[in-house]
Structures are given as C-alpha cells and as structure tokens.
Amino acid sequence: MEKNTQFVGQSTAFLDAVEQAGRAAELNRPVLVIGERGTGKELIAERLHHLSPRWGEPLITMNCAALPETLIEAELFGHEAGAFTGATRARAGRFEEADGGTLFLDELGTLSMAAQERLLRVIEYGEVSRIGASRPITVDVRIVAATNENLPRAAEEGRFRPDLLDRLSFEVITLPPLRAREGDVAVLVDHFGRRMASEIGWTQWPGFAAAAMAELEGYRWPGNVRELRNVVERAVYRWLEPARAIDRIAFDPFASPWQPGASMRAAADPPVPEQASAQFSVPAQPMAFDDVTDLRAAVDAHEVAIIRSALERYRFNQRATAKALGLSYDQLRHCLKKHGLMTA
C-alpha cells in the first residue's frame, strides 16, 4: 500500500492490531510487524512513528529485499570514500539518516547473516561503523521491522539469528489477512470505489451490483488490501455507464485468450488420440437414450460442449462464464481441469 493511505476497516481483528500499534508507539522499543503482502505493514510502521515521541524526526524506510546482498551493508551503515570499488565519496547510511527518529526495515527476513550480525551490534551498543571507517558513530534510532516470513522457524533452521530475533521482538504486531477481516471487504470496496469515481470525474457513485459485490466478498484476496484496491479501481475505471451499478469485475488483469504463450502451448500439445476425440465429441443430432452405452462418456461430452459454448460466448472470461453457468469460479476451474480445457 502507498504512503499516506488512511486505515479503513471496522473488523475486530483489524482494529485490535491498530490499537496494539498505538500503544506500542509510545515506547522506545523495537517492534516487529508480521503480515502477508498487502496487509499494510508500512502503514503500521508509519503509525508507530507518528504517534511516538519521535514524530518530528526522520522516518527512514529501507526495503532489504530491493538491494543485492553486496550493497545492503553499505546502504544500512554507510561507507567511506574508497572503501570499495565505485565508492568515490563518503556516504551516510540509513542509520545515520534516521538518527533521532525511526528506521523501518521492510522484508527483514532477506537480510544476510553478516548484515544481521552488524544490525545486532547497532541495537546492543547504539553505534554504527561505516564500511572502511576506523571509528564508530553513535546513533539514536528506533527500529521497526516487517516481514511476511516465519522468523521463529527461520531461526530454528539457521537462516536468522535467534539473538537478533530476541532483540527485535519486544512487541510483535501480526496483521490479519483481508479474508479474516469480517465485513471489511464491503467497507474497503466502497472507500476505494468512491475515491476512484471522484478521480475520473463521476458526479455520483453507483456502487457495485449485488452479484458483483458477492464475487468481491467471496474472493480469497491473496494480495489482501493492495489487490482489492487494484481490482476495485480497475472495475470503476473500465465501467462506461456511471449511472448504473458496476457489474463487471476483472480479478486477473492478465486473463486473456490472447495472452502470450497460450496459443503456443495449445500448438505444442500433442494431438488428441482419435479414440479420446470420439469419446468427447458432441453428436450432430440429439443422442437417443437407447444408443448410450457409456453414461459417463456421454455426460462428459455434453458437459464439454456446454462449457466450450459458454466460454466462447463470454470471450473466455472464466468468471463471467462461471456466473452464467451457475457455478463458482473454483467449480468452473475444476471442470476445465477435469476435461483438459485449461489453457492458462
């Protein structure tokens, strides 16, 4: 989620996490924020900083997964001129930049063991040594770290320092996934929908049709709030009738019968054996019940014909096809897989 995005939600699980962050903000202790992608870990870090006594000082963010391992230590702790190839001048690290304020370390679980060791020393002694420097620099920094990884398990497997985990986990805030936030999908859909409608100049907000809303509330949201925001804003932006409730949703923006590779895979598939083709062929005339000698094959053949016809009618939009056939999206996907009709 982007910065300056407000908290939106009313579920108990969500509000409990927000309240926990508010209480922890007042203490000058490290906080570890755990959650799936898109649950708002950076927003919690911002809340921890802005409600703390350090609110007027810098909030510095570093994504530990965004840099190669060889540069992470230089980025965190800084370096002197000539410390390594390409270091033409001295540079302060993120710890020095955050002095007096808060350092937010996102994707903490990707830190190398060497960087973890140096991070532990900073937490213990409050001193940073630039790469190539002979003297340490004293810093006053509060650390907030975030990850979607199971750090206790990583520590057991030797991928994360247990002593560093102990230092960072004074308070652990675990954010609930969107699927566990009862009632929040509708609230978020309305919030993001209204905002997008205003952005593109609509004078009124028609909302989503009941069937579309049911789809939104029944979806699992693996990308959580970030994914929901994209889906809702995309639906509003693509809708050309602002006076009518939105009833078309594209959960997967990549879904297309013309997706690169789909036709190539189809062409590369081995030809269907003649016997199998006959088994699933659809008779030109209605089949006489007396002619049926294999009930399962006859039922499968008609099921395939119905699914193929519906897919073509709805331009291979699987969600629209499922809705037209009175199936859930997962049920349609199961049928496609069962009959070998999956193309992507």
Side-chain angles (χ1 to χ4, degrees), residues 1-2 5 7-18 33-44 106-107 109 146-150 153 173-196 207-239 245-257 259 262 307 310-311 314 316-339 341-344:
M1 300 178 68
E2 66 182 22
T5 301
F7 287 105
V8 179
Q10 60 186 15
S11 66
T12 300
F14 172 71
L15 295 178
D16 283 349
V18 174
V33 185
I34 310 291
E36 297 178 6
R37 63 185 175 95
T39 49
K41 296 186 290 293
E42 186 168 352
L43 288 180
I44 291 294
D106 201 4
E107 302 291 348
T147 184
N148 58 9
E149 190 171 346
N150 187 325
R153 181 186 303 162
I173 300 173
T174 304
L175 300 181
L178 185 54
R179 60 185 173 274
R181 293 170 53 177
E182 186 176 355
D184 279 357
V185 168
V187 175
L188 288 161
V189 166
D190 188 70
H191 171 75
F192 291 128
R194 287 179 182 276
R195 197 168 69 173
M196 187 62 182
F208 282 84
M213 198 66 216
E215 280 191 86
L216 290 165
E217 292 184 318
Y219 187 61
R220 295 288 291 171
W221 300 112
N224 293 289
V225 178
R226 184 186 295 119
E227 182 185 12
L228 179 141
R229 175 182 173 179
N230 284 338
V231 169
V232 170
E233 291 185 346
R234 182 166 53 245
V236 175
Y237 148 74
R238 291 182 176 181
W239 191 243
I246 301 167
D247 66 3
R248 189 177 304 153
I249 302 167
F251 287 91
D252 181 3
F254 297 97
S256 169
Q259 185 177 1
I307 292 172
L311 283 169
Y314 290 95
F316 297 89
N317 183 317
Q318 293 180 8
R319 293 193 179 276
T321 300
K323 183 179 177 181
L325 294 176
L327 300 174
S328 69
Y329 176 68
D330 289 338
Q331 287 172 332
L332 176 65
R333 297 282 291 183
H334 174 76
C335 288
L336 295 176
K337 185 176 181 180
K338 170 186 172 184
H339 296 305
L341 299 176
M342 296 282 283
T343 58

Report the C-alpha distance between Phe316 and Thr321 in whole Å, list the side-chain angles of each, state the deciding distance to 0.1 Å, and finish with yes or no for side-chain contact (heavy atoms from CB on, under 4.5 Å). CA-CA 7 Å; Phe316 297 89; Thr321 300; over 6 Å; no
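- A distance of 7.0 Å separates CG in Leu228 from CG in Leu216, rounded to the nearest 0.5 Å.
- In this view, Glu149 and Arg159 satisfy the salt bridge (Lys or Arg N to Asp or Glu O under 4.0 Å) rule, not counting sequence neighbours.
- Judged as a side chain to side chain contact (heavy atoms under 4.5 Å, CB included), and not counting sequence neighbours, the contacts of Arg234 are Asn230, Val231, Arg238, Ala250, Pro253.
- A 4.5 Å side-chain heavy-atom check between Gln318 and Leu336 finds at least one atom pair inside the cut-off.
- Put simply, the side chain of Lys41 gets close to the backbone of Gly35: a donor and an acceptor are under 3.5 Å apart.
- One distance of note links CG of Leu327 with CG of Leu332; it measures 6.0 Å at 0.5 Å rounding.
- For the residue pair Ala180 and Ala13, the shortest heavy atom distance occurs at O-CB, 4.4 Å.
- Taking NE2 from His191 and CZ from Arg229, the interatomic distance works out to 8.0 Å, rounded to the nearest 0.5 Å.
- For the pair Val187/Phe192, no side-chain contact is recorded, criterion being any heavy-atom separation below 4.5 Å from C-beta on.
- Each side-chain hydrogen bond (donor to acceptor under 3.5 Å, both in side chains) pair with one or both residues in residues 173-183, not counting sequence neighbours, appears once here: Glu36-Arg179, Arg181-Asp184.
- Taking Asn317 as the reference, Arg319, Ala320 meet the side chain to side chain contact (heavy atoms under 4.5 Å, CB included) condition, with sequence neighbours excluded.
- Put simply, the side chain of Asn224 never gets that close to the backbone of Arg226: no donor and acceptor are under 3.5 Å apart.
- To the nearest 0.5 Å, the span separating CG on Leu178 from OG1 on Thr39 amounts to 10.0 Å.
- Distance check, rounded to the nearest 0.5 Å: CG of Asp106 to CD of Glu42 gives 6.5 Å.
- Partners of Trp221 according to the ring pair (Phe, Tyr, Trp, His ring centres under 6.0 Å) rule, which considers only residues two or more places apart in sequence or in another chain, are Tyr219, Phe251.
- Here His334 contributes atom NE2 and Lys338 contributes atom NZ; the two are 6.0 Å apart, rounded to the nearest 0.5 Å.
- Side-chain contact between Asn148 and Ile34 is absent, with no heavy atoms from C-beta onward closer than 4.5 Å.
- Between Phe208 and Val232, some side-chain heavy-atom pair lies under the 4.5 Å cut-off.
- Here the closest non-hydrogen pair linking Asp247 and Ala209 is CB-CB, 3.8 Å.
- Here the side chains of Ile307 and Leu341 are in contact, with some heavy-atom distance below 4.5 Å.
- Screening residues 323-332 for side-chain hydrogen bond (donor to acceptor under 3.5 Å, both in side chains), with sequence neighbours left out, gives Ser328-Gln331.
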